[in-house]
*Asks:* 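Following this message is one structure expressed as structure tokens.
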Amino acid sequence: MAKAAGLDAFKENQEEKVIDTSKKVKIAIIGTGWIAESHAVCYTEMEDVEVVALADLVPGKAEAFAKKYGIENARIYSSDEELFANEKDLDGVSICTYNCQHAPCTIHALDAGVNVMLEKPFTVTLDEAVEVMKAEKRSGKILTIGFQPRMSANMQKIKEIVESGELGKVYYLQAGGGRRRGIPTPFGTTFIEKETGGIGAVGDIGSYSLDMLLNAVGYPKPLTVSGYKSNFFGTRPDYYPNHPEYAEKFGVDDFAAAFVRLENDIILDFRISWAEHIDTCGDAIILGTEGGLRIPSTECWNGEFNKPLTIYKTVAGSQVQYEVPLIPNNGPTFFYKKLRAFVDAIKEGGVATVPSSEIIYNQAIIDGIVKSAELGREIEVEIPEI
């Protein structure tokens with residue numbers, strides 16, 4: 001009965017709420033690349049949202065985007081600065097630019113008094129994240145980071161298991177995931193060029209792995225990082241049979257690993273890849289003094305899992321293990337839910353679903369891995385007061 005009640009609780013959370021459509025929430029989208037497509041699809045499904053403006057640096061791109069997604073009444077701008085200079089009645093903005101523009105666009109939006117849904121990763125560097133949070137503080141507006149796996153009942157179950165005490169005191173985290181062949185170039189080279197991506201696998205899908213584990217244990221502060229990164233695959237012309245020239249443009253990491261010491265005497269063993277000669281870097285693991293939890297990897301890691309969780313315990317002297325059944329998602333997509341939560345927070349005076357106060361630690365680890373790898377030694381993590 002207890003297990004059924006637990007599952008019923010999640011079903012209740014998925015019940016459709018009544019939405020007030022008497023006043024439209026006015027949204028802009030900055031950056032009209034492939035991730036923005038999901039934003040456009042979700043927003044246009046919301047009866048209380050109107051996408052009123054689009055901005056993109058590439059001439060004609062935003063116009064084509066507007067036509068494709070039926071938002072042809074949206075005003076078009078060639079930069080975020082131009083958009084904020086002219087749009088004085090915006091409620092929120094989705095920032096879907098390449099990584100290196102996350103910080104400046106978010107700062108411009110917050111300083112213009114606009115609530116922000118920022119796609120992950122937070123920023124490229126820790127210094128950028130700090131500056132964004134300063135803008136957030138002075139604006140008083142909502143800043144939420146786009147980690148849609150947080151909206152999954154199965155992801156929430158990981159946190160519930162840890163908080164229940166079933167595992168005892170957590171002392172070790174192992175980040176899994178990764179891809180055997182998954183450098184994201186079908187949409188061009190903005191992910192892989194240093195000038196646009198800034199960071200590679202460590203920020204793209206590594207940020208998902210970090211969020212899954214750190215969120216489960218209450219986002220402890222990172223203390224030290226010993227990191228490694230490489231780019232053995234992305235720089236090989238034979239990796240791109242149809243575009244061998246991409247190899248010369250590759251300027252980020254395609255693999256990263258780290259040993260991270262966290263507050264509360266927790267160790268994080270991290271690894272992630274866009275490309276490697278194996279199917280996965282492994283499952284994610286949470287070890288505690290009273291039990292262990294295995295979170296299964298997937299073939300192409302994007303921050304979610306599709307097999308049951310497994311808990312390992314010792315009961316009356318016997319070693320046992322049991323599965324936690326997957327909870328079906330019978331409602332909207334997780335992507336829709338994250339944008340719906342953003343819109344609801346705007347309308348109801350709510351707070352960020354994925355706050356910067358947590359993701360600053362995620363970014364500090366990514367930044368620490370990059371710096372440690374370049375220095376070839378362990379470094380201490382220092383996060384300025386904001």
Side-chain angles (χ1 to χ4, degrees), residues 16-58 60-97 101-120 132 135-146 148 151 332-333 335-356:
E16 188 173 344
K17 64 185 292 185
V18 177
I19 296 174
D20 178 9
T21 60
S22 61
K23 184 178 184 299
K24 299 280 189 179
V25 176
K26 297 180 180 179
I27 296 289
I29 300 175
I30 297 175
T32 55
W34 74 273
I35 195 64
E37 296 178 2
S38 296
H39 287 252
V41 168
C42 293
Y43 284 137
T44 55
E45 290 176 355
M46 299 180 193
E47 295 181 353
D48 57 341
V49 172
E50 181 183 6
V51 179
V52 299
L54 302 170
D56 200 290
L57 296 173
V58 179
K61 189 175 179 181
E63 288 87 345
F65 183 91
K67 184 176 182 180
K68 180 177 180 180
Y69 293 101
I71 47 178
E72 295 178 69
N73 291 330
R75 292 171 288 279
I76 306 298
Y77 299 97
S78 60
S79 70
D80 66 300
E81 293 100 326
E82 183 185 11
L83 185 150
F84 293 123
N86 288 276
E87 297 291 331
K88 301 301 183 182
D89 197 25
L90 282 177
D91 297 304
V93 60
S94 278
I95 294 180
C96 305
T97 64
Q101 285 299 306
H102 280 195
C105 288
T106 303
I107 291 170
H108 294 158
L110 292 168
D111 284 345
V114 180
N115 300 296
V116 177
M117 161 60 70
L118 173 61
E119 271 301 334
K120 60 83 197 162
V132 168
E136 177 189 16
K137 185 176 181 178
R138 63 179 175 258
S139 73
K141 293 297 179 178
I142 298 168
L143 169 61
T144 189
I145 318 301
Q148 65 273 4
M151 310 308 293
T333 65
F335 209 100
Y336 179 96
K337 288 179 180 179
K338 84 171 181 182
L339 295 182
R340 184 69 249 175
F342 175 55
V343 171
D344 288 344
I346 293 172
K347 294 179 68 173
E348 299 165 7
V351 297
T353 306
V354 184
S356 62

*Asks:* Quick check: do I30 and Y77 have side-chain heavy atoms less than 4.5 Å from each other?
*Replies:*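 A side-chain contact is absent here, since even the closest heavy-atom pair is not under 4.5 Å.
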
*Asks:* With heavy-atom distances below 4.5 Å as the criterion, would you say the side chains of I35 and F335 are in contact?
*Replies:*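 Yes, close enough: below the 4.5 Å cut-off.
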
*Asks:* Looking only at heavy atoms, which two atoms of K120 and G146 are closest? And how far apart?
*Replies:*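 Heavy-atom minimum between the residues: CG-O, 3.8 Å.
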
*Asks:* Which value, rounded to the nearest 0.5 Å, describes the distance between T144 atom OG1 and F342 atom CZ?
*Replies:*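 CZ of F342 is found 8.0 Å from OG1 of T144.
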
*Asks:* Is the count of non-hydrogen atoms from other residues, nucleotides or ligands lying under 6.0 Å from N86 atom CG greater than 12?
*Replies:*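 Yes, enclosed.
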
*Asks:* Taking atom CG of L54 and atom CD1 of I29, what is their separation to the nearest 0.5 Å?
*Replies:*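 Between L54 CG and I29 CD1, I get 6.0 Å after rounding to 0.5 Å.
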
*Asks:* What's the separation between atom OG1 in T32 and atom CD1 in I76, rounded to the nearest 0.5 Å?
*Replies:*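 The CD1 atom of I76 is 8.0 Å from OG1 of T32, to the nearest 0.5 Å.
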
*Asks:* Does the side chain of E87 reach to within under 4.5 Å of the side chain of K26, using non-hydrogen atoms?
*Replies:*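 Side-chain contact under 4.5 Å: no.
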
*Asks:* Which heavy atom in G31 sits nearest to a heavy atom in C96, and how many Å separate them?
*Replies:*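 Taking G31 first and C96 second, the nearest heavy atoms are O-CB, 3.6 Å.
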
*Asks:* Could you pull out the closest heavy-atom pair between H39 and S94, with the gap in Å?
*Replies:*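 Heavy atoms only, the tightest pair is ND1-OG, 2.8 Å.
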
*Asks:* Do M46 and L339 come within less than 4.5 Å of each other through their side chains, counting heavy atoms only?
*Replies:*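 The answer is yes, as the side chains (C-beta and beyond) meet within the 4.5 Å cut-off.
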
*Asks:* Salt bridge check: are R340 and D48 linked by an N-O gap of less than 4.0 Å?
*Replies:*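 Yes, this pair counts.
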
*Asks:* Nearest heavy-atom pair of P332 and K337: which atoms, and what distance?
*Replies:*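 Minimum heavy-atom separation between P332 and K337: O-CE, 3.5 Å.
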
*Asks:* Any side-chain heavy-atom pair from E37 and F65 closer than 4.5 angstrom?
*Replies:*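 The answer is yes; the side chains approach within 4.5 Å.
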
*Asks:* For the residue pair G33 and K61, what are the closest heavy atoms and their distance?
*Replies:*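 Shortest heavy-atom contact: CA-NZ, 3.9 Å.
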
*Asks:* Mark yes or no for whether K24, through its side chain, and E47, through its backbone, hold a donor-acceptor pair below 3.5 Å.
*Replies:*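 The answer is yes, because a donor-acceptor pair under 3.5 Å joins these two groups.
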
*Asks:* Taking distance alone, no hydrogens or angles, what donor-acceptor pairs closer than 3.5 Å link side-chain atoms of residues 105-116 to residues at least two apart or in another chain?
*Replies:*
from : atom 1 : to   : atom 2 : distance (Å)
T106 : OG1    : H102 : O      : 2.6
H108 : ND1    : D80  : OD2    : 2.5
H108 : ND1    : P104 : O      : 3.2
D111 : OD1    : R138 : NE     : 2.9
D111 : OD1    : R138 : NH2    : 3.3
D111 : OD2    : R138 : NH2    : 3.1
N115 : OD1    : I142 : N      : 2.9
N115 : ND2    : D91  : O      : 2.9

*Asks:* Side-chain contact test, heavy atoms from C-beta onward, threshold under 4.5 Å: evaluate it for K23 versus K347 and give yes or no.
*Replies:*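 When only atoms from C-beta onward are counted, K347 and K23 do not touch, as no gap falls below 4.5 Å.
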
*Asks:* Give, for atom OH of Y69 and atom OG of S38, the distance between the pair rounded to the nearest 0.5 Å.
*Replies:*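 Nearest 0.5 Å value for the OH-OG distance: 7.5 Å.
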
*Asks:* Kindly compute the distance separating CG (D56) from OG (S78), expressed to the nearest 0.5 Å.
*Replies:*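 Taking CG in D56 and OG in S78, the distance rounds to 9.5 Å.
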
*Asks:* Would you say the side chain of T353 lies within less than 4.5 Å of the side chain of K338, judging by non-hydrogen atoms?
*Replies:*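 SC-SC contact between K338 and T353 ruled out.
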
